[in-house]
Amino acid sequence: MAVGLLVAGWFVSVLISKVADLLNENAKYKINCQKKIISNLEDLKQALNEIESTIGIAEQIELNNGPLQEWLHNLKSSVYDAEDVVDNFTYDVLEKKVKGSKRKRGGDAVELDNIVKKLQGLAKGTDRFLAAVKHNDNSKANNQHTTDWRVKAPGNSKPTLVGRESEAVALASLLLEPVSNSEEILPIISMFGVAGVGKTALARFTYHDMESHFPIRGWVSVTHKFDVKSLTIKCIESCSIKRPRDLYQIQSLDTIQGILKEGLGGQKFLIVLHDVWSDEGLDEFLEPLRVGLEGSKVLVTTRHESVATKLSTSGRLMHLKGLKSDECWNLLSKLVPYHNQKPELENIGKKIAKRLGGLPLVVETIGRALQKERSEDHWLGVMASNIYEVEQPRNRLFRTIRLSYEDYSTDGPRQQCFLSCSLFSSDHKFRETELVRIWMALGFLQPTATSKTTMEAIGSCYFNEFVKENFFVEVKTESTTPAEATYEMNVAFHHLAEFLSHGEYFRVDYKEGRYGTRNSNIAIPYRARHVCLDVNDLVMASVSLKSKPNLRTLIITDEFSSCPKDANLVLSTLEEILKVQKYLRVLGLPDLIDGSFNNLRHLRYFKVGSPSNANNTNAVSLPEWLRKCYYLQTLAAEFGGKPLSLPKHINRLRMLRWLDTKPETVHTIPGIGTMISLQEVAEFHVQRKGAFGIDQLEQMNELKGHLCISHLENVGNLVDAKNAKLDKKEHLHSLELRWCQGKDANQKKKEKNLSHDSVLEELMPPSRIRNLKITGYMGANYPSWLGKLKSLERLTLENCKNLLSPPGELKDEVEITSNNPRVALSSFMSHDAQLYKNFTPETDAEIMRRNERQVSSETSVKIGTARRKLAWPLWKDDTHKSRNKRQKV
């Protein structure tokens, strides 16, 4: 394929840093590295430095030259192999930290020697590569003076508009509406939407439709790179403004803008700024346009909502969304009018229309492909094909959609994140957290050495940008919460990711009709590093998979129980496949399988099971080999609520960030305090055993979100409580401190429990905590640190029977909830007592007596809302209607 070869320069930079870190760690921990290994690591670092600049150039070049493509493929493959070898040595460092053991790596030393020689040979070819690039017909250097294919003129006549009639009316209304704000000199309407959704077609239609309303009209294509001078000249020419012959020779921007200003002064005009990618520099261009007659407008089209928002005035925004499937079919049927002669073609055509993502440009492309032949087989072939394989030659659609991908040309990690989505089917329901953790495992999310930004934050930023750019579309349901939101990838972008990642990412999906029927062996591309396939295809793909020990991703979908063939054969085949894999980073399995896989020590992401794995209630034990996966970042185990036991010594996984299991499973981990990378622990049970003491929390400063610390009656001494260092958990926003009741009298006598007051005093939360809940506290005093929580928004006191008054040191904005009526009553009397007296004609004593009778011991009173409730008694069903009724009585 004549497509750009995507070799990420950032990846090489990361590998160079890894080599440098390994050399430093070797000096620190004295791992078993002979002088030859140290020398080879130094040579590896030098070779990588030499080719880093070459990779940076290669990233954005589209190559037709076969030998050059092969050279780059070999280079990329060698860099992957080098990282695998370096990670082997780094694994020794992790093992040394955990177990204090040393291991000889004779085999790794040989591999390192081989990969260094290979990279050194490739580095010697960089000069020849760069020389060839200069003469490559497709390089950007040779095309910089050609006309930009994206520059679109409005045409000489109004185009036909299909499926956008209501949008055309809405846009015309925005252009013709009078300006209500006298200070708004230049009204700007911004229309935004995903590539191919029809912004250009609608803008062209409107441009011609407005001819009678705007005596002067101009169309200026802005595109990626522009300068104010060239845009101003384009505007002068498009508006047919009288200009000097030497316009292009004029150097002064002021002079050129003066010509535009004079031509537009006192005139009513419409200027279309088409395909705007950035608002930077446009203010200067817009300045001379502020001289028009009242009613003059500027229409901006852009793919980016952020750009549209910044440029629009008075909220004049228009989001152009995709067509509905029936509208797509309506447009497609006009391109292939003979469909009604064959009912079977109409049925296929309607199925095709549902898969086109609502993009008119895709519909047009598919329509042209269907026109070539009127056979059922041809139409089925088109439906099963990648849309960019259908478009021959690849012209308008491919280049239009690809521009959004190339917008990240300086951000290699973001491009790799995009390409990795091709591993999943077009109808896959993506979840942000799952996708971000896979990106993290594959090494695509790398904070800088000085940055405090987490990998998750970087990944979330990428994902949200993809959503804003309409790469992903949310699948909305009534019951979906933000945390459970799922997304589907726009078909045009999904096919683009497939097309650009071909060979490296491989997915078998018979639902899409691309592989015929399941009756033959499946050949996986020899360069594939990431594979996803159904469990039913394992046996047919086994020969190919066993020959690829350097896979980085293997995801098996569906369940073993769905296998029409012998399930035992499938299980044994999978075991054989996993035995040969040495460098997997991501592994997804529908269920656990027997066998020990100590070879999977590079694993970063392991997901096993599904909610439907609840056929019986037998307990599930995760395999012991997992405890040696020191690189592991995410461990997700879902077995439909079955009891789950973790491997012994799982606390050795110091790099584990996410443990997605039943919350109570975490309580069983002794010595959890060594798992210092954990991002989330919903509930921590304090026990009197040292391995479960509250001081285990001391180094767990990466914890985020909500944390509940229960069974605080088991705190053995105040030193342990202080050593928990809760104030260092800066990423927490919600904390519950819970004492649990229910011990019998004999047990209480045997145990010497510390006073609740003294324990609570040592458990100061981080200063930025927003929600604090204290449960079962039997102390009579508030802790001294309560007033230091400047970000506190809500304080909940539950079953704190000895607290007789609300805390006085909190700011008024804090909402306090308590089920203690004494606290509730005192709270009302302490909040704005003067307002309380003045609001009602009753005496204070009468009101107090009435409140004492009507406040139930189970009523929760929110003190922060006291100002709205003081005039009424505190009934359980206290609503506006009930208050009105009682007032009338």
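Within a 6.0 Å radius of NZ in K429, more than 12 heavy atoms belonging to other residues, nucleotides or ligands are found. Heavy atoms of other residues, nucleotides or ligands lying less than 6.0 angstrom from NZ of K117 number 12 at most. Surrounding CG of D594 are at most 12 heavy atoms belonging to other residues, nucleotides or ligands under 6.0 Å away.
Atoms CG and OG, on L496 and S501 in that order, are 9.0 Å from each other to the nearest 0.5 Å. Here the SG-CG distance, from C421 to N490, works out to 12.0 Å after rounding to the nearest 0.5 Å. Annotation: the span from N88 atom CG to L112 atom CG amounts to 10.0 Å, rounded to 0.5 Å. Atom SG of residue C629 and atom CE of residue M655 lie 12.0 Å apart, to the nearest 0.5 angstrom. Within the model, atoms CD1 of I352 and NZ of K354 stand 12.5 Å from one another, a figure rounded to the nearest 0.5 Å. Of the inter-residue distances, the one linking M440 atom CE with Q633 atom CD reads 4.5 Å to the nearest 0.5 angstrom.
For the pair K579 and F597, the cation-pi test (distance below 6.0 Å, angle within 45°) is passed. Geometrically, R437 does not engage Y605 in a cation-pi contact, judged by NZ or CZ lying under 6.0 Å from the ring centre and within 45° of the ring axis.
Defined by atom type and a distance below 3.5 Å, a donor-acceptor pair is present between the side-chain atoms of S425 and D427. Checked by atom type, the side-chain pair S460/E432 shows a donor-acceptor distance below 3.5 Å. Checking T454 against R657 by side-chain atom types alone, no donor-acceptor pair falls below 3.5 Å. Side-chain contact of E456 with W658: a donor-acceptor pair under 3.5 Å is present, judged by distance alone. N470 and R303 are not linked by any side-chain donor-acceptor pair at a separation below 3.5 angstrom, with hydrogens and angles left out of the test.
A donor-acceptor pair is defined here as one N or O able to donate and one able to accept, closer than 3.5 Å; such a pair exists between the side chain of Q581 and the backbone of K548. A distance-only check finds no donor-acceptor pair linking the side chain of R552 to the backbone of V586 [under 3.5 Å]. Y630 places no side-chain N or O within donor-acceptor distance of the main-chain N or O of H602, the cut-off being under 3.5 Å.
A heavy-atom distance below 4.5 Å is not found between the side chains of Q120 and L44. In this structure, the side chains of F606 and L632 come closer than 4.5 Å at one or more pairs of heavy atoms. Taking 4.5 Å as the limit, some side-chain heavy atom of P360 sits within range of a side-chain heavy atom of L323. Contact check for R414 versus L419: no side-chain heavy atoms found under the 4.5 Å cut-off. Residues W625 and N599 form no side-chain contact, since every pair of their non-hydrogen atoms from C-beta on lies 4.5 Å or further apart. The closest side-chain heavy-atom distance from N550 to Y80 is not below 4.5 Å. The side-chain heavy atoms of F424 and L435, taken from C-beta on, include a pair separated by under 4.5 Å. With contacts defined as side-chain heavy-atom distances shorter than 4.5 Å, the pair T433/D660 does not qualify.
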Step-by-step side chain to side chain contact (heavy atoms under 4.5 Å, CB included) determination, S544 to N521: CA-CA 9 Å; S544 190; N521 288 336; over 6 Å; no
Derivation of the salt bridge (Lys or Arg N to Asp or Glu O under 4.0 Å) call for R601 and D92: CA-CA 11 Å; R601 62 187 184 190; D92 292 346; 5.3 Å; no
Side chain to side chain donor-acceptor pair (under 3.5 Å) between S325 and R355, intermediate numbers included: CA-CA 8 Å; S325 59; R355 301 181 56 204; over 6 Å; no
Criterion side chain to side chain contact (heavy atoms under 4.5 Å, CB included) on V531 and T553, from CA distance to verdict: CA-CA 6 Å; V531 175; T553 303; over 6 Å; no
Test log, rule salt bridge (Lys or Arg N to Asp or Glu O under 4.0 Å), inputs D87 and R604: CA-CA 12 Å; D87 277 357; R604 269 82 164 170; 3.1 Å; yes
Derivation of the side chain to side chain contact (heavy atoms under 4.5 Å, CB included) call for D81 and Y583: CA-CA 9 Å; D81 292 340; Y583 304 111; over 6 Å; no
Intermediate values then yes/no, side chain to side chain contact (heavy atoms under 4.5 Å, CB included), L635 and L622: CA-CA 10 Å; L635 174 56; L622 292 181; 4.0 Å; yes
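Evaluated for a side-chain contact (heavy atoms from CB on, under 4.5 Å) with V508, the options I522, L538, I524 yield exactly one hit, I522. Exactly one of F472, F499, Y487, F471 qualifies for a ring-ring contact (aromatic ring centres under 6.0 Å, His included) with F493. That residue is F471. Checking each of I577, T573, L578, V580 against L545 for a side-chain contact (heavy atoms from CB on, under 4.5 Å) leaves exactly one that passes, namely I577.
Using a 4.0 Å cut-off between charged nitrogen and carboxylate oxygen, E504 and R527 do not count as a salt-bridge pair. With salt bridges taken as basic N to acidic carboxylate O contacts below 4.0 Å, none links D534 and R507. A salt bridge does not link E638 to K607: none of the charged side-chain nitrogens sits closer than 4.0 Å to a carboxylate oxygen.
For Q446 against I458, the heavy-atom pair with the smallest separation is C-CD1, 4.1 Å. In this structure, S547 and P549 approach most closely via the heavy-atom pair O-CD, 3.4 Å. Considering all non-hydrogen atoms of both residues, G358 and C328 come closest at CA-SG, 3.5 Å. Here the shortest heavy-atom pairing between V197 and L359 reads CA-CD2, 3.8 Å. Contact detail for G459 and W439: the closest heavy-atom pair is O-CZ3, 3.6 Å. Residue V491 comes nearest to G357 through the heavy atom pair CG1-N, 3.2 Å, listed as atom of the first residue, atom of the second, then distance.
Using the six-membered ring where Trp is involved, Y462 and F466 have ring planes that are tilted, between 30° and 60° apart.
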